[in-house]
Amino acid sequence: MSLYLIPLAPLLGALVPLFSGRSGRSALALSVALFPAWALVYMLIQAQAVLDGETLRFAVDWIPAIGLQLAFRLDGLGLLFCLLILIIGLLVILYARYYLSEQENMGRFYSYLLLFMTAMLGIVLSNNLLQLWLFWELTSISSFLLISFWSHKSDARKGARMALAITGAGGLALLAGLLLIGNMVGDYSLDTVLANGALIKANPAYPVALVLLLLGAFTKSAQFPFHFWLPHAMAAPTPVSAYLHSATMVKAGIFLLARFYPAMSGTDMWFLAVSMTGLITLLYGAFTALFQHDLKGLLAYSTISHLGLITLLLGMNTRLAAVAAVFHIINHATFKASLFMAAGIIDHESGSRDMRKLNGLWKYMPHTAALAMVAASSMAGVPLLNGFLSKEMFFAETLDQSTLGGLSWVIPVLATVGGAFSVAYSLRFIHDVFFNGDPIDLPRTPHEPPRYMKVPVEILVALCLLVGVFPNYVVNSLLNAASAAVLNGRLPEYSLAIWHGFNIPMLMSLAAMAGGLYIYYNRRMLFQFHAQFPQHDAKQIFEGAVQYVAKQCERIIDALENGSLQRYVFLLLLFALMFMAGPLLDLHHSAGSRPQLELNGVVLTGAILLSLSAVATVIWARRRFIALLSLSVTGLIVSIAFAYFSAPDLALTQLSVEIITVILLMLALFFLPQTTLKESSPNRLTRDLSLAALIGGVVGSISYALMTRPLLSISDYYLTHSKTGGGGDNVVNVILVDFRGFDTLGEITVLGIAALGIYKLIAGMRLYMPAGDDSGRPWSQDRHPMILALVSQNLLPLALLVSVYILLRGHNLPGGGFIAGLITSVAIIQQYIAHGVDWIKHRVRINYQALIAGGVLLAALTGAGAWAFDRPFLTSWFDHFHLPWIGDFELASAMLFDLGVYLTVVGAAMLILANLGKLTTSERPAFENGDAPRAPATHHKEEF
Amino acid sequence: MMQHLPILPIVIPLLAGVLLLLPPLCHSLPRQRFIAVAVNLALIVTAVMLLQRTHLEGALTYALGDWPSPFGIVLVADRISALLTLLTSLLGLGALLYACAGDDKNGMYFHPLFMFQLMGVNGAFLTGDIFNLFVFFEVLLIASYALLIHGGGKQKTRAAVHYVIINLVGSCLFLFALGTLYGVLGTLNIADMAAKATLLGPDEQPLAKAGGLLLLAVFGLKAALLPFYFWLPRSYSSASAPVAALFAIMTKVGAYSILRIHTTIFGAGAGALAEIATPWLQPLALLTLIIGSIGALASPSLRTLTANLTLVSMGILLTAIALQRADATAAALYYTIHTTLVTGALFLLADMIGRQRGKAEDRFVASRRMQRPVALGVAFIIAAVAATGAPPLSGFVGKVLLLQATEGAVETSLIWPIVLISGLAAIIALSRAGSSLFWRHSEDAPVAEPTPALRIIAVYLLLAASPLLVVFGGPITEFTDAAATQLHDSAALSGMMQQGGS
Amino acid sequence: MSFTVELIICALVLLGGLFALLGSIGVLKMSDFYTRLHAPTLAATVGMGSLLIASIIAFTVREQRLSAHELLITLFVMITAPVTAHMLAKVALHQRQQSVANTRNKALTEKIRKRLPPE
Amino acid sequence: MLNLALQIAIGMVSIAMLFNLWRLLLGPEPADRILALETMYLNSMALIILFGLWQGAALFFEAALLVAMLGFASTAALCKFLLRGDIIE
Amino acid sequence: MVNRLRLFWFPSPWLSLLLFVAWLMLNNSAAPGHLVLGALLAIAIPRLTARLGDPQPTMKRPVLAIRYVLRVLGDIIRDNFRVALLIMGPNQRLQPAFVALPLELHEPLPLTILAGTISLTPGTVSVEISDDKLWLYIHTLHLDDEAELIAHIKGRYEAALKEIFEC
Amino acid sequence: MEGVYAFCVGLLTACGVFLCLRGRTFSVVLGLTLLSYAVNLFLFASGRLALYGAAVLGSTEKYGDPLPQALVLTAIVIGFAMTAFLVILAMRSRADLGNDHVDGRIPSEPSLVQRRTGRKG
Ligand code: NA
Ligand code: NA
């Protein structure tokens with residue numbers, strides 16, 4: 001059977017308002033209602049089979065990896081709930097048509113409502129635990145939307161958020177519980193779960209799973225101490241309350257208890273957790289309801305109380321109690337929905353829900369009053385109404401308890417007390433609203449609502465009466481089927497009669513009636529008593545708690561992310577240190593077996609130079625120019641070290657990079673403070689020094705350990721194939737442009753991107769140029785010393801020649817595109833230094849951006865050229881040629897690649913430096929005379 | 001061309017980026033936009049083809065320069081890398097479309113830099129060589145530096161200083177780690193390293209371990225692992241929207257690298273070096289998750305909240321990765337797809353919301369009404385539901401996968417509560433965010449600036465992934481399962497890489 | 001390599017090293033900046049020169065073909081050393097660095113600084 | 001013999017560089033420090049050429065040439081910085 | 001026509017020659033391949049950089065120039081030993097001095113060469129040129145007789161340069 | 001010799017780390033430069049030290065490991081690009097924020113308000 005159609009129908013219905021355009025409100029309501037109506041009809045067609053004890057199923061695989069199936073299952077319990085959801089849903093649709101005002105977006109309301117309906121149907125039809133949870137959470141989300149429908153009201157927003165938070169938390173617990181249960185039985189199918197109750201209860205994780213499951217159920221059905229969200233959800237439009245908070249959402253929790261009853265119940269733990277929670281909730285809700293002045297508040301607490309009652313019944317571990325629970329589910333849904341609707345009508349027509357103002361409405365709306373009174377009587381458990389029947393069964397079952405041993409009598413006594421309060425608040429509802437004098441200061445003069453607004457109430461009240469008077473005819477088969485599902489088919493003997501004789505439950509009922517009357521009569525005393533207690537508004541407490549948590553979170557985050565880079569870097573390095581140092585503790589000898597080189601004077605001198613200059617850089621760091629000089633020395637010594645240890649390419653590269661870095665740093669230093677004060681506290685210095693020393697020590701140790709151990713590397717391959725495979729003698733270069741040319745392609749891309757990024761940074765930069773150096777001396781007047789200019793310009797051709805030389809020889813001897821590019825760049829920068837930007841600007845027009853792009857493009861196309869020969873990217877080609885007179889020479893694709901590198905490097909270096917230089921040019925004359933104020937230098941505004 | 005498929009996701013954006021810098025494209029924004037979108041679509045097609053091939057054939061290797069592995073650099077397109085490549089281009093498309101609605105003209109070189117960023121990310125996913133991984137890290141980092149400052153402004157500069165410095169320190173550590181590993185193993189090819197690692201004597205093992213753990217710090221930095229994540233909230237919340245959205249993939253590169261390196265080289269088969277990361281990664285990942293949740297609750301604006309949700313998702317992801325099991329890895333993969341696209345969409349959404357709310361921007365205070373409350377509201381709900389891991393959107397599948405992967409393990413009692421409570425924190429934070437942003441109005445008139453439809457399209461494009469991930473959850477999880485199995489079956493992969501050639 | 005050649009190379013190498021050292025001693029020892037400025041000339045001229053000649057001879061003999069590229073370095077050094085000295089002197093003058101007490105024509109320094117004629 | 005002479009020369013140049021660093025750290029004025037650095041460049045060239053002679057490899061020539069070219073650029077830039085602040089204006 | 005061709009291909013023939021020779025020196029080779037390549041570069045590089053230089057007076061008497069170079073080299077070597085002794089001696093015995101040298105050369109290139117020569121010969125450093133290019137300021141490590149020094153420089157170097165550049 | 005070399009690497013690292021932990025962008029740039037020197041030397045040494053071993057075929061009998069050299073070359077170039085970017089970013093930060101502190105504010109005025117706005121982005 002295509003059970004999926006049942007939840008699908010309202011889902012489609014939810015989409016109707018999207019397409020309804022400007023059709024009338026009634027048309028909209030009607031077209032929306034068609035979908036659940038169709039589902040209802042479809043369901044009724046199937047109902048007989050279910051009532052006969054069949055279980056209908058539908059399943060397709062959805063996400064097997066998590067065990068999620070699209071699996072539906074219709075049994076008696078499901079049928080009962082489906083009927084409640086669909087019938088009351090339809091009534092609410094009708095009711096809402098009249099309840100919502102013209103200005104309100106009814107389409108949106110219906111969409112949310114039908115989405116919610118889908119979710120509820122999904123829950124009650126699920127045959128897969130994950131799918132059940134999916135719909136479960138969907139009810140939280142859609143109810144959030146419904147409760148906050150009047151989003152302009154702060155109450156609505158807060159109430160909705162609170163409901164979402166509580167039910168969301170429960171939902172997460174439920175997920176954990178369902179996963180555990182699924183794990184216990186090895187399957188997420190509900191069928192399997194229900195068939196394996198014994199297995200579950202024997203599992204050591206059963207208590208955990210049970211608690212998690214109950215957390216889900218109790219939060220949803222507003223059980224103490226999670227009840228507090230429900231009264232605040234009353235900020236929702238009344239149709240929502242009538243639907244969600246009587247028949248559906250809160251009942252989802254109850255449904256969950258009933259659904260898992262066969263699998264989870266029957267243990268002492270179940271009894272204690274479920275029935276005690278139910279009992280407390282029952283009493284607390286009933287007691288508190290009496291003191292509510294808000295009509296809907298009273299109904300909300302009454303709902304809490306009745307949910308407690310059902311929970312208590314389900315907790316009692318007796319089969320009859322389960323039947324009573326199921327019965328009360330039906331009854332509560334009918335009378336509570338009608339009461340909410342009546343309350344909504346009163347609110348709608350009188351403009352108030354405050355029972356202190358609402359008085360004597362009997363005169364104004366007798367029809368509504370009559371309906372409400374019948375429903376309220378049912379709530380109070382007055383005979384001939386459905387509430388009486390289930391309450392009677394409840395009282396009977398409370399007597400049948402023995403788990404509390406000698407204290408078992410407590411339960412019936414407390415149940416009776418609860419019943420008394422229930423009578424009292426029902427009385428208050430009736431008397432306080434419809435009688436009790438005249439209305440006080442109502443915004444509107446109350447009158448009867450539109451005809452069709454009452455129809456849903458009438459239908460529900462009629463049901464109350466019908467069930468109350470003819471229980472056997474009206475609900476027996478449904479109750480049987482549903483109870484059978486709860487009890488896994490083991491239905492107890494019971495009879496739904498109005499009169500069971502004069503027995504203890506009857507006495508309890510009478511006691512409750514009398515007690516209720518007494519309580520209501522003496523309500524003023526009670527109100528005074530109640531008023532002595534400080535009133536805790538759950539919303540305020542909850543909001544306060546959330547605020548408090550948020551504040552604490554802010555404090556934690558502020559304390560942790562204090563915005564100090566120094567801390568972040570410290571932590572990074574500290575953990576890096578721990579990561580590195582930990583394993584070294586297992587290193588028994590730092591020196592390995594590899595023979596070491598002999599120490600000599602040169603190396604020692606170099607080490608001294610390096611150490612001194614590095615330490616000097618640190619010491620002078622606050623006098624920046626000097627630090628820059630000692631940094632240069634360090635760089636120079638590093639280059640020499642590379643030369644010494646037979647890495648000429650490295651020496652060349654390090655040297656050129658070092659020089660160009662220093663030039664760059666000087667360019668930047670001009671705009672930065674030349675000196676800084678001592679800022680770090682001694683503690684911080686000690687801390688940083690310790691960390692630095694430790695990291696240095698660890699890195700040095702690792703380096704030493706590595707160098708003194710033999711290495712079997714892949715490098716021999718490069719040495720043997722460099723000439724034959726790569727066509728070059730300089731193995732390092734062949735690695736760069738051939739074996740690992742891809743790295744180099746990435747590397748020049750990095751360089752190019754950096755240049756672009758720097759250009760972005762420069763564009764739109766506003767800098768203040770110092771008019772003199774840090775001693776306050778005005779700058780020298782000699783902008784371009786003649787000798788420097790002249791010599792520089794004559795050196796340029798030579799430098800270019802050297803670049804070409806370095807570029808061309810790279811493949812066979814130290815050199816290559818990168819170094820050549822840097823030499824060219826330095827030579828051009830030299831011209832800028834000697835002549836200034838303006839002078840050059842008119843003489844050279846190179847588009848450095850295009851140079852970068854062209855360089856990378858050349859390198860990339862050289863790589864892609866191999867595709868033409870059906871070889872992988874970057875496959876190199878080289879050959880030897882012979883020309884008469886000139887002799888042998890070699891051509892290699894690597895040369896093109898290297899040329900690309902060269903162009904990129906030149907383009908990048910020049911894009912950076914030339915533009916950085918331009919920053920100051922335009923404004924410079926402004927303070928040429930020496931003491932002008934600091935003038936802003938603005939580059940052109942960055943735009944595309 | 002089919003045999004060159006593995007390199008196309010790198011070369012296409014590279015060439016595109018370069019051509020966008022040259023005439024005739026460099027002078028015309030409309031042309032740049034057209035080319036960029038076209039290239040992105042081409043990348044999607046390429047990635048889909050790659051996905052298909054890896055699905056059918058397992059891993060593809062591509063020996064650059066035709067040098068045999070392990071001597072040359074190889075690209076390895078296995079299922080994971082193919083999947084992540086596709087993810088990158090999908091996210092890229094969303095971010096790019098959004099940028100084309102106007103953000104790209106707030107500064108120079110947006111489109112070329114965007115292309116280079118894609119190139120870097122794809123390269124990092126596809127390379128089978130550890131030093132080449134470093135190079136691609138740098139490509140994507142430098143592109144991200146330049147993109148981070150796109151649009152200008154103090155906040156961006158301030159964020160960029162932190163981001164750049166921290167990452168430069170990270171790059172230095174990366175090189176220390178590489179030096180250590182090369183100094184012990186004598187090779188750079190990841191599969192070859194894995195093979196050599198098993199042969200190490202006790203005298204070398206501690207060194208390899210130090211190198212491996214240092215790499216964990218480096219990747220953890222990218223993956224925003226506690227205590228290395230500090231660059232993230234500020235960077236992500238100050239970057240311009242499409243950039244922030246694109247950045248959503250960057251953290252995944254870090255996570256991927258941990259997965260790749262610590263499963264292949266230091267995986268179950270590495271003898272004494274097996275699973276060296278787990279003792280650190282597991283607690284740190286959970287702490288990241290916790291701090292991310294705390295940060296989410298403390299967030300004053302939607303961007304900050306999204307940044308913190310990114311932390312949460314990284315915590316979840318790394319928790320899964322730390323488990324070093326195929327099912328957990330599969331969960332991580334699925335979760336990655338989900339969280340990347342949703343986070344990206346949230347960043348875009350935050351920007352759109354901020355633009356419509358005047359001075360209040362995306363902060364959680366009352367503001368003028370929005371112009372497009374419905375379009376944005378629906379998008380927000382979708383994004384929020386997905387981000388909290390609530391059904392029926394993709395977050396829940398990812399979360400359930402992860403919970404199932406930890407089920408029965410000793411860690412369950414630790415991981416489950418943290419993961420679930422973090423979900424609650426996200427619910428609270430996002431519901432607070434949504435109700436403040438959409439429902440608390442002042443009387444001011446809506447901002448006059450119109451919202452280009454393209455922006456909304458971009459957001460919905462990314463968000464569409466979430467329901468689709470659920471609807472097609474079956475085949476997708478099947479693929480992620482296969483991908484994870486492939487990764488953990490290191491022997492087979494090593495074989496592939498050793499073999500060389502394409 | 002014949003003994004004579006080796007001897008010549010040795011002599012040149014030692015001479016070069018010596019003058020490099022002398023130049024540096026000068027930089028360290030002289031009493032004011034302007035006198036220090038003279039010292040590196042030793043290293044730049046005879047110091048570098050003899051080393052480069054030594055290198056030319058050594059490689060020419062070893063590889064049996066003329067190795068003259070060292071001359072280029074000489075060329076570079078010769079061209080740049082005076083410019084460097086000039087620039088450094090400018091800096092010192094600009095920053096009004098004091099010369100040693102017994103310097104003659106000290107009064108000129110302010111004129112030089114401003115690039116004015118002596119009168 | 002040559003080896004000995006080379007070792008002595010290398011030693012002398014090394015000591016010369018130590019002296020340079022000493023002067024650089026001593027100052028007292030920036031010009032003195034730059035002078036020291038400049039001298040150090042010269043000595044580095046000498047050292048590199050001596051390495052070349054010592055190792056018998058002609059591979060070091062370019063390094064010396066580069067020091068000559070780039071050292072000059074560096075010194076010029078440093079001087080310009082002290083004179084004008086802005087080295088490229 | 002020929003002149004225009006020369007100007008096009010060899011804007012500065014001495015530079016081209018220098019580059020050509022330098023190329024061969026760099027490569028330590030006079031192989032045909034390098035001759036061709038060197039020639040190409042000797043043509044191309046000056047053309048590329050032509051715009052990056054102000055026109056300079058050209059050397060008119062190359063033979064004299066060679067003589068000048070040799071003379072300076074000789075002086076440098078001689079002065080090196082002299083100055084080495086001065087430097088190693090006690091500092092107090094030195095008589096440093098600033099000297100203003102009146103100039104007859106005013107073209108930048110010859111002037112620069114003169115200043116360079118003075119600086120290259122140990123013991124003297126060209127410190128500055130006056131703005132009017134009439135004075136060259138020199139610092140000398142040890143001054144015995146100011147007039148003699150001026151005469152020495154003017155006679156030995158400045159006069160020679162005037163001849164070489166015919167200015 | 002290896003010991004001295006390792007000592008230098010360690011010392012450079014320590015100096016670099018210390019400067020990276022300072023509060024001004026310029027110091028950090030210096031620190032990162034020193035750190036990258038250390039990294040380069042470290043990476044280079046991972047191929048072990050060799051004298052007379054330039055990896056140019058025909059120039060010597062036994063060669064040093066060329067691979068780390070190539071890696072260092074790449075690292076140098078990338079390091080240069082990164083440093084350059086950081087240097088200019090430091091300038092930009094000074095220009096935009098008015099000081100050269102890495103946090104964009106001088107920490108003597110630490111107000112919670114600023115921190116919050118910092119997080120707000
Ligand atoms: Na009343
Ligand atoms: Na001199």
Against chain B, label F570(A) side chain, backbone, both or neither, depending on which of its atoms sit under 4.5 Å from a heavy atom there.
neither

Over 60° means perpendicular and under 30° means parallel, so tell me whether W280(B) and F575(A) are parallel, tilted or perpendicular.
perpendicular

I need the L851(A) CG to L21(B) CG distance, nearest 0.5 Å.
12.0 Å

Okay, I66(A) and chain B: the region with an atom under 4.5 Å from a heavy atom over there is both

Distance col, row L141(B):CG vs Y145(B):OH, nearest 0.5 angstrom, shows 4.5 Å

What part of V698(A) gets within 4.5 angstrom of chain B, counting heavy atoms only: side chain, backbone, both, or neither?
neither

What part of F438(B) gets closer than 4.5 Å to chain A, counting heavy atoms only: side chain, backbone, both or neither?
neither

Which portion of I141(A) sits near chain B, non-hydrogen atoms under 4.5 angstrom:
side chain

Show me the pairs that pass salt bridge (Lys or Arg N to Asp or Glu O under 4.0 Å) and involve residues 742-755 of chain A, at least two apart or across chains.
R740(A)-D743(A)

Against chain B, label L573(A) side chain, backbone, both or neither, depending on which of its atoms sit under 4.5 Å from a heavy atom there.
side chain

I758(A) versus chain B, the contacting section by heavy-atom distance below 4.5 Å:
neither

Before accepting this row, confirm whether a basic side-chain N of the pair R161(A)/E543(A) lies closer than 4.0 Å to the acidic partner's carboxylate O.
yes

Less than 4.5 Å to any heavy atom of chain A: does that hold for the side chain of I381(B), its backbone, both, or neither?
side chain

Counting only heavy atoms closer than 4.5 Å, note whether Y182(B) contacts chain A via side chain, backbone, both or neither.
both

Contact leader toward chain B among G726(A), G67(A), S148(A), A165(A), where contacts are heavy-atom pairs under 4.5 Å
S148(A)

With a 6.0 Å cut-off on the ring centroids, do F136(B) and F742(A) count as close?
yes

Taking every heavy-atom pair that is under 4.5 Å apart, which of Q849(A), H589(A), R108(A), R567(A) has the most such pairs with chain B?
Q849(A)

If you count heavy-atom pairs under 4.5 Å with chain A, which of V397(B), V184(B), I428(B) comes out on top?
V397(B)

Which residues share a side chain to side chain donor-acceptor pair (under 3.5 Å) with S142(A), sequence neighbours left out:
none

With chain A, the option among I165(B), T157(B), V470(B), V471(B) that has the most non-hydrogen atom pairs under 4.5 Å is V470(B)

Look at G65(B), G120(B), A146(B), G474(B) and state which one has the largest set of heavy-atom pairs under 4.5 Å with chain A.
G65(B)

Could you tell me which of A853(A), G757(A), A860(A), A205(A) has the largest number of non-hydrogen atom pairs under 4.5 Å with chain B?
A853(A)

Heavy atoms only, distances under 4.5 angstrom: which of G183(B), A217(B), P227(B), G72(B) has the most pairs with chain A? Name it, please.
P227(B)

In terms of heavy-atom proximity below 4.5 Å to chain B, should W136(A) be classed as side chain, backbone, both, or neither?
neither

Less than 4.5 Å to any heavy atom of chain A: does that hold for the side chain of D481(B), its backbone, both, or neither?
side chain

Checking W439(B) side chain against G434(B) main chain: does a donor-acceptor pair fall under 3.5 Å?
no

Among I476(B), L188(B), V161(B), which residue forms the greatest number of heavy-atom pairs with chain A at distances under 4.5 Å?
L188(B)

I'd like to verify something: which residue of L64(B), T477(B), L22(B) has the highest number of heavy-atom pairs under 4.5 Å with chain A?
L64(B)

